[in-house]
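Remember, it's a predicted structure, so these values are computed and weren't measured experimentally. Reminder, nothing fancy here: chain letters follow the sequence lines and each chain counts from 1.
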Amino acid sequence: DVKVTQSSRYLVKRTGEKVFLECVQDMDHENMFWYRQDPGLGLRLIYFSYDVKMKEKGDIPEGYSVSREKKERFSLILESASTNQTSMYLCASSPGEDSPLHFGNGTRLTVT
Amino acid sequence: QQQVKQSPQSLIVQKGGIPIINCAYENTAFDYFPWYQQFPGKGPALLIAIRPDVSEKKEGRFTISFNKSAKQFSLHIMDSQPGDSATYFCALYSSASKIIFGSGTRLSIRP
């Protein structure tokens, strides 16, 4: 079974802090994704990556950046956390196009 | 840009009933239509998926009906059970980068 592991289940950060969310997958998948999930809005794509050191903006990249130095690891960075970034963050991976996404269990981030 | 509309937002059904969740999309540039199931505290997981060259796909108690001309697809759960209580998301794939999710339906199956 594919395993996507997000390093933290819960995080509480202060406004203005730099926040790192880490994600690791163990199935050698090419593609990795970061989504945020908010009630009534579904899952919205923040960034995705097709390969090491490759990244593409999703629908809501403002205030975020990403890093993919190794194939198995994809990090989401909040450069200066704000209260409107309080959300559930979901990492996912997939082996290629038209393939199911395999999600981690999420990190619930609260910015105070 | 919302390209898929999912309804209803929430649904309560008695055990054994057939909940139906609908998704409607706005253009035809999609080639893969999955449904994901999410339990509390977990990430979404693929439940069932269909491609636009078929009108129906069944896996166990779960069925996707696809109407290409109407740009709609639906999830039906036969003989629903309390363990089916979860949030369900439809999604549209046009490429690995263009995966668009619906807003989700919170389903509750009453014993």
Side-chain angles (χ1 to χ4, degrees), chain A residues 1-10 21 23-25 27 29-51 54-61 66 74 87-108, chain B residues 1-11 21-26 29-54 57 59 62 64 75 86-107:
Chain A
D1 258 4
V2 176
K3 191 165 184 182
V4 178
T5 303
Q6 295 184 232
S7 55
S8 305
R9 290 301 302 272
Y10 301 95
L21 303 183
C23 175
V24 177
Q25 51 97 1
M27 283 300 291
H29 283 175
E30 300 293 329
N31 305 325
M32 296 190 75
F33 306 81
W34 275 105
Y35 287 88
R36 65 177 282 177
Q37 180 176 11
D38 299 289
L41 296 178
L43 282 71
R44 293 180 291 167
L45 182 63
I46 304 171
Y47 267 96
F48 60 97
S49 168
Y50 286 137
D51 200 352
M54 301 294 288
K55 60 185 180 184
E56 297 285 342
K57 293 181 180 179
D59 296 322
I60 52 166
V66 290
F74 193 36
S87 186
M88 171 68 81
Y89 289 88
L90 290 163
C91 175
S93 70
S94 77
E97 289 192 16
D98 291 356
S99 300
L101 297 181
H102 298 266
F103 284 90
N105 286 331
T107 296
R108 184 167 294 281
Chain B
Q1 75 272 6
Q2 181 72 350
Q3 296 189 50
V4 59
K5 293 185 179 179
Q6 183 173 343
S7 62
Q9 188 173 4
S10 63
L11 186 57
I21 304 170
N22 300 297
C23 280
Y25 58 98
E26 295 177 352
F30 304 109
D31 51 20
Y32 184 63
F33 300 83
W35 285 89
Y36 285 83
Q37 180 189 53
Q38 184 180 29
F39 293 106
K42 300 290 187 181
L46 179 69
L47 180 65
I48 186 173
I50 197 169
R51 297 195 183 274
D53 53 347
V54 298
K57 182 174 181 180
E59 288 184 2
F62 300 92
I64 298 180
L75 175 69
T87 299
Y88 293 82
F89 294 95
C90 63
L92 312 172
Y93 283 41
S94 62
S95 70
S97 62
K98 294 295 182 184
I99 304 170
I100 301 166
F101 283 86
S103 54
T105 296
R106 180 174 287 185
L107 174 65

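Between B/Tyr93 atom OH and A/Leu101 atom CG the span is 3.5 Å, to the nearest 0.5 Å. Taking NZ from B/Lys42 and CG from A/Leu90, the interatomic distance works out to 13.0 Å, rounded to the nearest 0.5 Å. Between the CD1 atom of B/Ile99 and the CZ atom of A/Phe33 there is a distance of 4.0 Å, given to the nearest 0.5 Å.
If you measure heavy-atom distances from B/Pro34 to chain A, you find no contacts under 4.5 Å at all. Interface remark: B/Arg51 contributes side-chain atoms only to the contact with chain A (heavy atom separation under 4.5 Å). In this structure, no portion of A/Glu30 lies under 4.5 Å from any heavy atom of chain B. With a threshold of 4.5 angstrom between heavy atoms, A/Arg44 does not approach chain B through any atom at all.
Side-chain contact between A/Leu43 and B/Tyr36 is absent, with no heavy atoms from C-beta onward closer than 4.5 Å.
Listed here is the closest heavy atom pair of A/Gly40 and B/Ser103: O-CB, 3.5 Å.
The most heavy-atom pairs under 4.5 Å with chain A, out of B/Ala45, B/Gly41, B/Gly104, B/Ala91, come from B/Gly41.
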